[in-house]
Amino acid sequence: MNLHKYFIGSYFLTVFGVITAYLWGEHVHSGAGLVSVFIVIILAVLETSLSFDNAVVNAMKLEHMSEIWRHRFLTWGIAIAVFGMRFLFPILVVAIFAKLDMFTVTNIALTDPDKYAHYLHLTHAPIVTFGGLFLIMLFLNYFFNHEKDVHWITPIEAPLSHLDHIKGIEIIISLVTIIILQSFMPAEIKHSVTLSGIAGIITFLAIDGVAHYLEKHEEMRAAKCATNAIKCTGLISFIYLELIDASFSLDGVLGAFALSNDVIIITIGLAIGAMFVRSLTIMLVETKTLAKFKYLEHGAHWAIGALAIIMLITTVKEIPEVVTGLIGLVFIVAAFISSIIENKKEQQ
């Protein structure tokens with residue numbers, strides 16, 4: 001099986017990114033080109049290796065999308081992931097919390113990296129709270145489902161699956177999490193952290209609610225849409241995927257400043273990693289890997305839960321990104337091995 005075909009776009013982006021990084025490094029400081037390339041490669045490798053759980057979750061959604069929306073996920077999606085989340089979003093957040101216009105913040109990001117990194121550090125807690133609560137809702141929504149009859153860690157997952165009989169239990173748990181979290185925050189950011197957490201919950205409920213509505217009313221939507229229902233639901237699934245990807249990338253964007261304060265170099269490195277994650281997602285879908293290894297989906301959601309908790313912990317205590325990624329990787333590898341063992345049992 002030729003798996004390289006799925007990564008052709010990633011290879012091209014890597015070559016383009018490395019050349020651009022070298023030229024930008026030399027432009028900023030003569031002789032810094034190779035150092036810039038090295039940092040870009042490190043960031044790309046970290047982003048790719050630590051985002052396998054993201055690829056698995058993306059693949060779950062992408063399996064139910066049409067071919068055209070899969071293509072848009074690689075084209076429009078990568079543009080949103082690179083320019084939107086890795087460059088524009090941090091600038092927007094800094095502009096809001098520093099009460100500056102975006103042009104000024106963009107100028108600071110390009111001309112005074114240390115000052116920009118300082119501003120971004122000040123907005124760390126609200127940013128990761130939004131992403132953390134969004135991922136907690138995703139985690140709880142998956143496991144709190146009485147119709148889910150396949151369990152990986154059965155002693156835990158089986159009881160959890162019946163908790164959806166308590167109406168709104170996911171929201172209750174998430175709101176309690178915000179109340180506990182804000183009690184550890186300094187007075188000056190309590191308000192912003194609380195609002196960010198609530199915004200994360202509302203965003204998940206809005207997207208998940210619309211997606212659920214469209215799935216339940218597919219035939220009715222088919223009559224109203226210009227083409228067919230899958231095209232309509234494709235847009236919602238696409239937005240859903242982008243929000244999940246955004247939540248996954250928040251800690252990576254912030255953690256990248258430990259290696260460099262240059263926003264251009266960071267954007268290039270994370271962009272290459274994001275492209276490889278998307279290529280991996282397409283490969284998982286088209287090779288039907290999730291169907292072959294039935295516990296991968298469970299492992300990915302346990303990794304999501306772990307990531308969400310760690311993101312919230314980082315609001316009060318710094319945790320290296322490598323630790324975050326390794327925990328997620330452990331869940332994925334364990335689920336993969338469990339799937340292989342289960343497949344062998346079924347074949348006997």
Side-chain angles (χ1 to χ4, degrees), residues 9-10 12-48 50-51 75-128 130-131 189 192 196 242-243 245-278 314 318 320-321:
S10 299
F12 276 114
L13 183 61
T14 301
V15 173
F16 176 77
V18 166
I19 293 173
T20 304
Y22 178 82
L23 295 175
W24 177 258
E26 290 293 326
H27 167 72
V28 173
H29 190 277
S30 180
L34 290 178
V35 175
S36 297
V37 168
F38 177 73
I39 293 173
V40 160
I41 292 173
I42 293 297
L43 286 171
V45 171
L46 285 173
E47 178 78 357
T48 305
L50 303 181
S51 299
T75 51
W76 300 357
I78 195 63
I80 294 171
V82 174
F83 181 72
M85 280 310 302
R86 273 73 179 179
F87 183 79
L88 188 60
F89 178 75
I91 287 176
L92 176 63
V93 171
V94 169
I96 292 172
F97 285 96
K99 297 180 180 178
L100 299 170
D101 62 87
M102 289 193 64
F103 177 80
T104 300
V105 177
T106 302
N107 186 54
I108 292 172
L110 296 175
T111 60
D112 193 348
D114 290 332
K115 188 175 182 180
Y116 176 70
H118 172 70
Y119 276 129
L120 197 59
H121 177 73
L122 294 179
T123 63
H124 173 86
I127 291 175
V128 296
F130 174 88
I189 63 171
S192 58
S196 296
E242 289 305 313
L243 282 168
D245 179 73
S247 298
F248 269 99
S249 69
L250 289 177
D251 62 330
V253 172
L254 296 169
F257 280 86
L259 292 175
S260 173
N261 283 341
D262 192 319
V263 68
I264 299 297
I265 296 301
I266 288 174
T267 301
I268 293 171
L270 296 181
I272 294 172
M275 186 63 183
F276 270 99
V277 172
R278 273 165 165 67
T314 62
E318 186 175 340
E321 187 186 350

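- In this structure, H118 NE2 and T123 OG1 are separated by 10.5 Å, a value rounded to the nearest 0.5 Å.
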key: Worked check of salt bridge (Lys or Arg N to Asp or Glu O under 4.0 Å) between E242 and R278   = CA-CA 11 Å; E242 289 305 313; R278 273 165 165 67; 3.0 Å; yes
message = Checking L92 against M102 for the side chain to side chain contact (heavy atoms under 4.5 Å, CB included) test, could you report, in this order, the C-alpha distance in whole Å, the side-chain angles of both residues, the deciding distance, and whether it holds?
response = CA-CA 6 Å; L92 176 63; M102 289 193 64; 3.8 Å; yes
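- Once rounded to the nearest 0.5 Å, the distance linking CD1 of I265 with OG1 of T20 reads 9.0 Å.
- Contact of the Y22 side chain with the V18 side chain is not registered, since no non-hydrogen atoms from C-beta on lie closer than 4.5 Å.
- When all heavy atoms of V40 and A21 are compared, the pair lying nearest together is CG2-CB, 3.6 Å.
- D262 is listed as a side-chain neighbour of W24, based on a closest heavy-atom distance under 4.5 Å.
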task = Could you go through the side chain to side chain contact (heavy atoms under 4.5 Å, CB included) check for I266 and I39 one step at a time?
result = CA-CA 8 Å; I266 288 174; I39 293 173; over 6 Å; no
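- Put simply, the side chain of E26 gets close to the backbone of G33: a donor and an acceptor are under 3.5 Å apart.
- Nearest heavy-atom pair across P126 and S196 is O-CB, 3.2 Å.
- Here the NE2-CD1 distance, from H124 to I189, works out to 9.5 Å after rounding to the nearest 0.5 Å.
- Interatomic distance, S36 OG to I41 CD1, rounded to the nearest 0.5 Å: 11.0 Å.
- Residues L100 and I108 have side chains in contact (heavy-atom distance under 4.5 Å, counting atoms from C-beta outward).
- Judged purely by atom type and a 3.5 angstrom limit, S10 uses its side chain to pair as donor or acceptor with the backbone of M275.
- Expressed to the nearest 0.5 Å, how far OG1 of T267 lies from CZ of F87 amounts to 6.0 Å.
- Contact check for Y116 versus V263: side-chain heavy atoms found under the 4.5 Å cut-off.
- Side chains of D101 and T104: a donor-acceptor N/O pair is present below 3.5 angstrom, by distance only.
- Taken to the nearest 0.5 Å, the CZ atom of F276 stands 8.0 Å off from the CG atom of L13.
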